[in-house]
Every structure is written in C-alpha cells, then in structure tokens.
Amino acid sequence: MDDEKKAHSELGLPNPYLNSLDGDFLYHLGYSSLEARNGFTKDGVSHSFQDVKFVVMGGSSGRMRSFAEVIAREINHPVQTAEQLDIHRTDRYAFYKIGPVLSVSHGMGVPSITILLHEITKLLSYAGAKDAVLIRIGTSGGIGVPPGTVVITDKTFNGFLKEEHELVVLGERKVRPAVIDQELARAIQSSQSDARFQTVLGGTMCTDDFFEGQPLNLTPIDCNISQGRVDGAVCEHSDEQKMDFLRRAHSCGVVNIEMECTAMSSLCRLTGYKCAAVCVALLDRLKGDQVKIQEEEYKSFGMRPQSLVASFIKSRLSS
Ligand code: R2B
Ligand code: URA
C-alpha cells in the first residue's frame with residue numbers, strides 16, 4: 001500500500017485492516033480488544049485502561065516493578081505494593097497499572113520494544129486513551145558525558161547517524177522518519193526535583209547490537225559501526241575506527257547510545273502518540289567499552305530516570 005494513500009482504521013491507527021478484525025487478541029500482553037474497551041477484573045476489582053495517561057517502559061522487569069512502587073508512592077495511589085499493582089498475563093513483558101500510569105518492561109532491542117509498541121498502542125486506542133504519552137526509562141552508553149548523567153533525548157539517530165528508522169518489510173527496506181516530541185522532552189527536563197544529578201537534552205543513537213554493529217550486509221567501515229565495541233566475541237574493526245565513529249557521532253549531537261529509541265519515535269509518530277526517552281549514561285564511551293560499575297552505583301544511577309519521570313508525571317497530574 002502506498003504510504004500517502006494509507007487509510008486509517010476507525011481507531012485512528014494507520015491500519016485499515018483493524019476494522020475488519022473480529023476481536024483482536026494482544027497476544028504478548030494477554031489482553032483482548034474487548035477487555036481494552038470494557039475493562040477487566042483482577043482479584044474481584046474492576047479495572048479500566050481508559051484512564052491511562054502515561055505508559056512508562058523500561059528494558060528490565062525489575063526496573064518496572066520498582067517504578068510501579070515509586071510512582072504509587074509519588075501519586076499517593078491507594079495501592080502501593082507491586083504484587084497488587086501487577087496485571088501481567090504473560091511472561092513476555094512485566095505489566096503494572098498504577099491508576100493512570102502503566103509500568104511495562106520492553107526487553108532489549110528494537111524487535112522486543114516494537115512488538116510491545118504495536119500491542120500497547122492498540123490497547124490504548126481500543127480503550128480510548130488516545131492522549132496517553134509513552135516514556136522509555138533506561139540505561140545507555142554516554143558519549144562525552146560523565147557516567148550518571150541523565151539524557152533526555154531530543155533527536156533519535158540510527159547507526160548511520162540519520163534521524164530515521166529502517167526496517168525490512170516484504171523483502172524491501174523501508175525507511176521511516178524518527179522524530180521525537182521536543183516540548184515533551186523539555187517538560188520532562190524542567191520537572192526535575194532531585195538536584196543530585198545532571199540532566200542534558202541531546203541526541204540518542206539507536207543500534208541493533210550492544211557490541212559490534214547492525215546485522216545488515218555492510219562492512220563496519222561503511223560507517224555503520226553502531227556501538228562499535230571492540231570487546232565482543234567478534235570484532236572486525238579497529239579501535240581507531242571506533243573512536244573516529246564515536247567522535248563523528250558526538251559531533252552530530254549524539255550524547256548517548258541505546259537500542260530502542262528510533263523504533264519508538266518512528267512508531268509513535270505513525271500511531272499519533274507522543275513519546276520520550278530518558279536514559280542514564282552508565283559510562284563514557286570515549287573512555288572505554290566495558291560497563292564496570294559497582295552494584296550500588298548501578299542501582300542509584302538506575303533510579304535517576306525513575307525519579308525524573310515520577311516528578312514529571314506528578315507535576316502533570318497536579319496541573
Ligand atoms: C540499553 O541497555 C540495554 C543493553 O544493555 C538495551 O536495552 C539498551 O537500550
Ligand atoms: N546500554 C547500551 O545500549 N549501551 C551501553 O553502552 C550501555 C547500556
């Protein structure tokens with residue numbers, strides 16, 4: 001189907017085939033379109049997705065369990081324990097509902113977050129929660145920023161340093177714009193209440209691999225060095241090439257590297273949801289590749305995006 005002629009479904013999502021589905025089962029979440037529309041029951045209590053205003057996503061299930069409790073405290077939710085807030089139906093993604101906030105894990109990398117984004121945006125649309133915002137809280141490798149800095153993404157780049165997301169559909173390469181909401185990024189930065197850490201607005205590069213590069217039929221020298229690590233099980237580029245690439249990325253405005261942001265920004269642009277990425281830098285990649293961080297520091301760094309996003313949600317809910 002031609003991009004320009006693409007019809008929207010009655011839901012407002014850019015897929016006309018959704019109109020003819022006789023019920024839609026969101027297989028990886030374990031909820032149906034009927035439950036998204038009408039609500040569901042847990043422990044004898046009725047819940048609805050219609051009131052969802054924020055979907056906070058992060059790679060690990062533990063982080064999203066922690067965030068469920070953090071946000072419950074911040075917004076004085078009547079239920080405060082993760083066990084009671086837990087609404088997961090499958091083992092694929094951790095899933096908590098804290099009033100108007102969903103706390104969901106997305107796993108590692110573009111394929112994993114993409115599946116979640118398709119299902120969660122359908123869930124929100126079936127429920128009529130069309131103005132919900134999606135925020136990824138995560139970890140990343142910094143470029144030219146000290147470890148512990150929280151980066152709020154204002155541009156999302158792929159491994160070619162383009163503000164695009166590439167995918168292969170029906171045997172052909174498809175390129176979609178990967179742009180992110182500036183106003184939301186600035187609003188998150190200005191809601192910081194804990195002054196014990198630095199935040200920066202900056203570019204985030206999304207890669208399909210933590211170590212070498214993306215699994216495309218290109219040599220790394222074609223500039224697609226991606227995270228460019230030289231400490232993977234395989235490495236076919238030199239440390240000098242890595243440093244050249246990281247410096248080039250930095251000169252394009254990239255201040256951190258992670259593995260999901262272009263998929264999120266491009267899919268959210270198409271589905272009409274605003275999104276943001278708030279990731280702490282665990283290391284400065286200009287100084288090395290190994291993530292050698294003490295457990296206590298890792299935990300405290302990991303809490304920073306949670307604290308910032310909790311302040312943002314609290315301020316939005318009280319305004
Ligand atoms: C950041 O950290 C993970 C890899 O360690 C990945 O999910 C990401 O984006
Ligand atoms: N996550 C990444 O994707 N890269 C890093 O260097 C650290 C965390």
Side-chain angles (χ1 to χ4, degrees), residues 56-64 66-67 92-94 103-117 134-153 155-159 161 165 178 180 200 202-215 224-233 235 237 239 242-243 245-247 249-250 254-268 275-295 297-306 309:
V56 182
M57 305 169 289
S60 89
S61 49
R63 191 186 314 142
M64 299 329 291
S66 156
F67 185 73
R92 295 294 185 186
Y93 302 106
S103 177
V104 196
S105 67
H106 60 60
M108 279 192 282
V110 164
S112 184
I113 198 170
T114 298
I115 296 169
L116 175 70
L117 288 168
L134 282 72
I135 306 173
R136 167 171 137 68
I137 52 172
T139 55
S140 61
I143 306 186
V145 294
T149 306
V150 174
V151 177
I152 302 134
T153 301
K155 282 188 175 166
T156 63
F157 296 91
N158 64 13
L161 297 174
H165 179 59
I180 202 150
V200 293
T204 300
M205 180 169 68
C206 173
T207 67
D208 280 350
D209 181 22
F210 183 82
F211 289 100
E212 294 183 281
Q214 291 172 316
N224 184 24
I225 291 185
S226 265
Q227 301 212 3
R229 283 188 156 80
V230 295
D231 62 348
C235 180
H237 56 267
D239 200 54
K242 171 191 86 177
M243 291 308 294
F245 179 71
L246 291 177
R247 285 196 201 100
H250 194 46
V254 174
V255 291
N256 68 338
I257 313 176
E258 48 82 276
M259 298 177 59
E260 292 86 13
C261 68
T262 51
M264 178 177 73
S265 61
S266 64
L267 270 177
C268 285
C275 72
V278 180
C279 295
V280 68
L282 299 180
L283 73 165
D284 181 355
R285 286 296 315 287
L286 297 178
K287 300 196 170 139
D289 292 349
Q290 291 265 309
V291 184
K292 277 194 233 148
I293 185 171
Q294 299 297 317
E295 200 181 330
E297 194 166 52
Y298 179 74
K299 275 195 199 143
S300 93
F301 282 4
M303 291 310 292
R304 293 177 179 187
Q306 295 191 39
V309 170

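Every number for a ligand or one of its atoms is a count from 1 in the order of the listing.
Considering all non-hydrogen atoms of both residues, Arg63 and Thr139 come closest at NH2-CG2, 4.0 Å. Of all the heavy atoms in Gly107 and Ser112, the pair that sits closest is CA-OG, 3.6 Å. Scanning all heavy atoms of the two residues, the minimum distance from Ile180 to Cys275 falls at CG1-O, 3.4 Å. Shown here for Arg285 and Leu246, the closest heavy-atom pair between the two residues is O-CD1, 3.5 Å. Shortest non-hydrogen contact noted between Thr262 and His165 is OG1-ND1, 3.3 Å.
Atoms of ligand 1 found under 4.0 Å from any heavy atom of Phe210, numbered from 1 in the order shown, are 4 (C), 5 (O). In the vicinity of Glu258, heavy-atom distances shorter than 4.0 Å reach the ligand 1 atoms 9 (O). Listed by atom number, the atoms of ligand 2 under 4.0 Å from Gly141 heavy atoms are 4 (N), 5 (C), 6 (O), 7 (C), 8 (C). For ligand 2, the atoms closer than 4.0 angstrom to any heavy atom of Leu283 are 6 (O). Counting the atoms of ligand 2 from 1 in the order shown, those under 4.0 Å from a heavy atom of Glu258 are 3 (O). Ligand 2 places these atoms under 4.0 Å from at least one heavy atom of Ser140: 1 (N), 5 (C), 7 (C), 8 (C). Against a heavy-atom cut-off of under 4.0 Å, Gln227 is close to the following atoms of ligand 2: 2 (C), 3 (O), 4 (N), 5 (C), 6 (O). For ligand 2, the atoms sitting less than 4.0 Å from at least one non-hydrogen atom of Ile257 are 2 (C), 3 (O), 4 (N), numbered in the order shown with element in parentheses.
Here the options are Ile257, Val255, Val280, the test is side-chain contact (heavy atoms from CB on, under 4.5 Å), and the partner is Val151; only Val255 passes.
Residue contacts with ligand 1: Glu260 is placed with a nitrogen or oxygen under 3.5 Å of a nitrogen or oxygen of the ligand (distance criterion only). Between Arg285 and ligand 2, no pair of N/O atoms sits closer than 3.5 Å. Distances between N or O atoms of Ser140 and those of ligand 1 include no value under 3.5 Å. Checked by distance only, ligand 1 and Met108 stay at 3.5 Å or farther apart across all their nitrogen or oxygen atoms.
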| task | For the pair Arg136 and Glu258, evaluate side-chain contact (heavy atoms from CB on, under 4.5 Å) and give the outcome as yes or no after the intermediate values. | result | CA-CA 11 Å; Arg136 167 171 137 68; Glu258 48 82 276; 2.8 Å; yes
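Using a 4.5 Å heavy-atom threshold, the side chains of Cys279 and Asn256 count as touching. The side-chain heavy atoms of Val104 and Met64, taken from C-beta on, include no pair separated by under 4.5 Å. When side chains are defined from C-beta on, Pro146 does not count as touching Asp284, because their heavy atoms never get closer than 4.5 Å.
The protein atom (non-hydrogen) at minimum distance from atom 1 (C) of ligand 1 is Thr139 O, 3.1 Å. Of the protein's non-hydrogen atoms, Arg229 NH2, 2.6 Å is the one closest to atom 6 (O) of ligand 2.
Neither the backbone nor the side chain of Gln227 has any atom closer than 4.0 Å to an atom of ligand 1 (non-hydrogen atoms only).
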